[in-house]
Protein chains: 2
Amino acid sequence: MSLTADRGKVEAADRPTLYKQIRHDIETSILTGEWPPGHRIPFEHQLMARYGCSRMTVSKALSELAQADLIERRRRAGSFVRRPQHLSAVLKISDMRAEITALGRSYGYQLFRCVRRAATSADCARLGVRKTGKVVAIACRHSADNVPFAIEDRLIDLDSVPEATTADFAVEPPGSWLLHHVPWTEAEHTISAVVADERTAAALGVAIGAPCLVIDRYTWRSARTLTAVRLHYPGDTHRLVARFKGG
Amino acid sequence: MSLTADRGKVEAADRPTLYKQIRHDIETSILTGEWPPGHRIPFEHQLMARYGCSRMTVSKALSELAQADLIERRRRAGSFVRRPQHLSAVLKISDMRAEITALGRSYGYQLFRCVRRAATSADCARLGVRKTGKVVAIACRHSADNVPFAIEDRLIDLDSVPEATTADFAVEPPGSWLLHHVPWTEAEHTISAVVADERTAAALGVAIGAPCLVIDRYTWRSARTLTAVRLHYPGDTHRLVARFKGG
DNA sequence: TTGACAGATATGTCTAGACATATAATCGTG
DNA sequence: CACGATTATATGTCTAGACATATCTGTCAA
C-alpha cells in the first residue's frame, strides 16, 4: 500500500478498474499482515487523494471488502481490519459426477434400489416433516475408474419435489438430477466418521471395520425439506478439501 | 417481487435503505424458486422505474447479489439467476475452547509435549518448506466436561512465527494462541476418517479400531506456511456441522 | 462529578448525469 | 445460406455533488 496515484486517465486500458485496484491494494496489505487486525484503514478522503478519484469509487472498494468480512466500517470512526474470529472454510461439494471427472477419472453409476412409496414414520422423522406424503427412497453407488467411490442413501419428498415422481434415477444420479432441476436451496451438512458394517463394506469394497467418512445432508427451500442424503466414503482414500480463508 | 414503488421520500425513516430493499426482494424471488436458475432479472431501467430511483441504486443491489454468486451479470444480455454448480457449505471452525464452551460444557486442556528444535526433513515436508529452520512440535488434548474431545498434533514454523518462541503453550492452547496473535491467514482443510491406533485410542479414551474424524489444517500467509495441525476426534460422538448455502 | 447538549466528522445512501465496453441482433454481401 | 461488419443495448465504471445518520469530543450547567 505504498503506491501513489498516477492514474493517467489516457492509458488506463490494461489495468483493472480503479476500484478493483484499490480493493486489491488494501486486501494485500491485510493479507500480508502489514495491516494487522484492528488497524485503521486510511479514511475515504485520504484514499480519494491518493488515487485521485471520487468518494464513490473508494466507497465501492471498501464496501466490497466489508461484504467479504475483511474489514469493518464504523461511522465517524473509520474502517478497520477485522479480527478473524474463527477459521471458516468453504467446503464445495459438487455433484458426484463433476467431482470425479474433475479428478480426471471415469465416472460410473449404479442404482441399487429406487422405491416410490407413502412415507413411513421413520421417513418423516428423517425428513423432519410431520404429515405423511409420498417419498422416493434411493440407494446407489458412484465409482471412479470402476472402483467404488461413495455409496448414497437418499430420501426425496415427492410433495415438495413433484417432478421427481417421473424422473428416471436409473439413468441420472439423484444428486445430479436434483442439482439441475431444483433451484436454490439451503443445506446443512453433518460430517462424522464410522466403521464399515457388513452391508457398507460390501458395497464399498472395503473390509468390515474399515473407516468411513459419512456426510449427512439435509436440503430444504423456505422451510420445506426437499431431500435427506447420507453418503459413505472409504475414509482412508477419500479426502474432503476445504480451502480459504481466515475470518 | 410484486410491490410497486411508493418510496415516499419523506417518511423513508424506518424501512431499510432502498438498495437493500431491492436486494432483498430479488433474493426472495430467487430463494423461493419463483425465479428459477437462468431466469432473467428485470433490466436495471425497469427496476429504476419500479422503485423510482436512479441506476446507481439498482446497480448497487445487483452488484452485491453478483458478489454473493446469486446472480450473473452479462453485458448487453442482462442479469440472470445463477445455476447452482455445487453445494458450497461454510464450515466454521472456532478454536477449541470457544467450540466447547459454546456447547455449554467445561473446557479442559492438557499439554502432552512441546519441543522447540531444528526442523527435520519430515517437518519440512509436512510444512511444505524447503530450508530447515526452527520449529515447535506440540501434542495436546482438549476435553469437554473432563471427557477427551480431540487430540492435537501441531507443528509451528518459528521462522514465520517468531513470537511463538516465547509463548507458553502449557497455559494457552496453541490454536487459541495463534488465532489471537497471528492475523489474517489462509488455510486448507483436509477431512478424512481413520480407525484409532493404539496411541490415539489411549489419548482419546476410545477402543483401538474405533472410528476417528481427522482434520488436517495447513495455515499460511503470503505463501509461507505458518503451521500444520492434525486433529483427531472420536468419530462416533463428534460432528462437524456446515450450514448454508446453495450455490 | 456528572449529565445534557451542541458541534465535528466519517461513513451511508442517493442522484443525474457521463463515457466505456462487451455482445446480441441485425443487415449486407458474397 | 454463411459470414463479416454494423448497430443497438445493457451493463461497468466513474464523477461531483447532496443530505442523512451514527458517534466521538468538547463545553457548559446542575
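Naming convention: chains lettered A, B, ... in sequence-line order (proteins, then strands); numbering from 1 in each chain. FYI, side chains are in, hydrogens and waters are out, and symmetry mates aren't considered; it's all heavy atoms of this structure. The shown structure was predicted, so the numbers you read here are calculated from the model rather than taken from an experiment.
- The side chain of Arg75(B) has dA22(C) as its nearest neighbour among dA10(D), dA22(C), dT11(C).
- Counting distance only, with no hydrogens placed and no angle test, the side-chain atoms of Arg74(A) and the base atoms of dA10(C) include no donor-acceptor pair under 3.5 Å.
- A donor N or O paired with an acceptor N or O is not found under 3.5 Å between the base of dT11(D) and the side-chain atoms of Arg76(B).
- Atoms CD (Glu72(B)) and P (dA22(C)) sit 16 Å apart, rounded to a whole Å.
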Report the C-alpha distance between Glu44(A) and Arg73(A) in whole Å, list the side-chain angles of each, state the deciding distance to 0.1 Å, and finish with yes or no for salt bridge (Lys or Arg N to Asp or Glu O under 4.0 Å).
-> CA-CA 11 Å; Glu44(A) 293 188 350; Arg73(A) 311 189 74 192; 2.3 Å; yes
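- In this structure, CZ of Arg23(B) is placed 15 Å from P of dG12(C), rounded to the nearest angstrom.
- In this model, the phosphate group of dA16(D) is not approached by any side-chain N or O of Ser54(A) to a distance below 4.0 Å at OP1 or OP2.
- A sub-4.0 Å separation between OP1 or OP2 of dG12(D) and a side-chain N or O of Lys20(A) is absent.
- Note that the two end axes of the helix from dT1(C)-dA30(D) to dG30(C)-dC1(D) enclose an angle of 20°, each drawn from 5 base pairs, rounded to 10 degrees.
- When the nearest nucleotides of DNA chain D are assigned to His45(B) and Met56(B) by heavy-atom distance, the more 5′-ward of the two goes with His45(B).
- Side-chain atoms of Thr225(B) come within 3.5 Å of backbone atoms of Leu127(B) as a donor-acceptor pair (strictly under, hydrogens ignored).
- Side-chain atoms of Thr227(B) come within 3.5 Å of backbone N or O of Leu155(B) as a donor-acceptor pair.
- Residue Thr57(B) has a polar side-chain atom (N or O) positioned under 4.0 Å from OP1 or OP2 of dT15(C).
- Atoms CD (Glu44(B)) and P (dA10(D)) sit 10 Å apart, rounded to a whole Å.
- Atom CE of Met48(A) and atom C1' of dA10(C) are 12 Å apart (whole Å).
- For a distance-only test at 3.5 Å, the side chain of Arg73(A) fails to qualify as a donor-acceptor partner of the base of dT11(C).
- Side-chain N/O atoms of Lys60(B) include one lying less than 4.0 angstrom from OP1 or OP2 on dT13(C).
- Computed from coordinates, the Phe43(A) CZ to dT23(D) P distance equals 16 Å when rounded to whole Å.
- Along DNA chain C, the nucleotide nearest to Tyr19(B) and the one nearest to Ala77(A) differ in position, and the one closer to the 5' end is contacted by Ala77(A).
- Separating the CG atom of Leu18(B) from the C1' atom of dT13(C) is a distance of 9 Å, rounded to the nearest angstrom.
- Checking the phosphate oxygens (OP1, OP2) of dG12(C), no side-chain nitrogen or oxygen of Thr17(B) falls inside 4.0 Å.
- With dA16(C), dT11(C), dT11(D) as the candidates, the nucleotide lying closest to the side chain of Arg55(B) is dT11(D).
- The only option from Asp157(A), Ile156(A), Leu158(A) that meets the side-chain contact (heavy atoms from CB on, under 4.5 Å) definition with Lys134(A) turns out to be Leu158(A).
- Minimum atom distance to the side chain of Ser59(A) is reached by dT13(C), of the listed dT13(C), dT11(D), dT13(D).
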Show me the donor-acceptor pairs within less than 3.5 Å that the side chains of residues 168-178 of chain B make with the rest of the protein, sequence neighbours left out.
from      : atom 1 : to        : atom 2 : distance (Å)
Asp168(B) : OD1    : Ala170(B) : N      : 3.0
Glu172(B) : OE2    : Ser176(B) : OG     : 3.1
Trp177(B) : NE1    : His181(B) : ND1    : 3.4

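- Residues Tyr19(A) and Glu64(A) meet the side-chain proximity criterion, which asks for heavy atoms closer than 4.5 Å.
- The shortest distance between side-chain heavy atoms of Arg221(A) and Pro183(A) falls below 4.5 Å.
- Between the CZ atom of Phe80(A) and the C1' atom of dC24(D) there is a distance of 11 Å, rounded to whole Å.
- Cation-pi contact between Arg141(A) and Tyr109(A): absent, since separation from the ring centre below 6.0 Å together with deviation from the ring axis within 45° is not met.
- One atom, OH of Tyr51(B), and another, C1' of dT15(C), lie 19 Å apart when rounded to the nearest Å.
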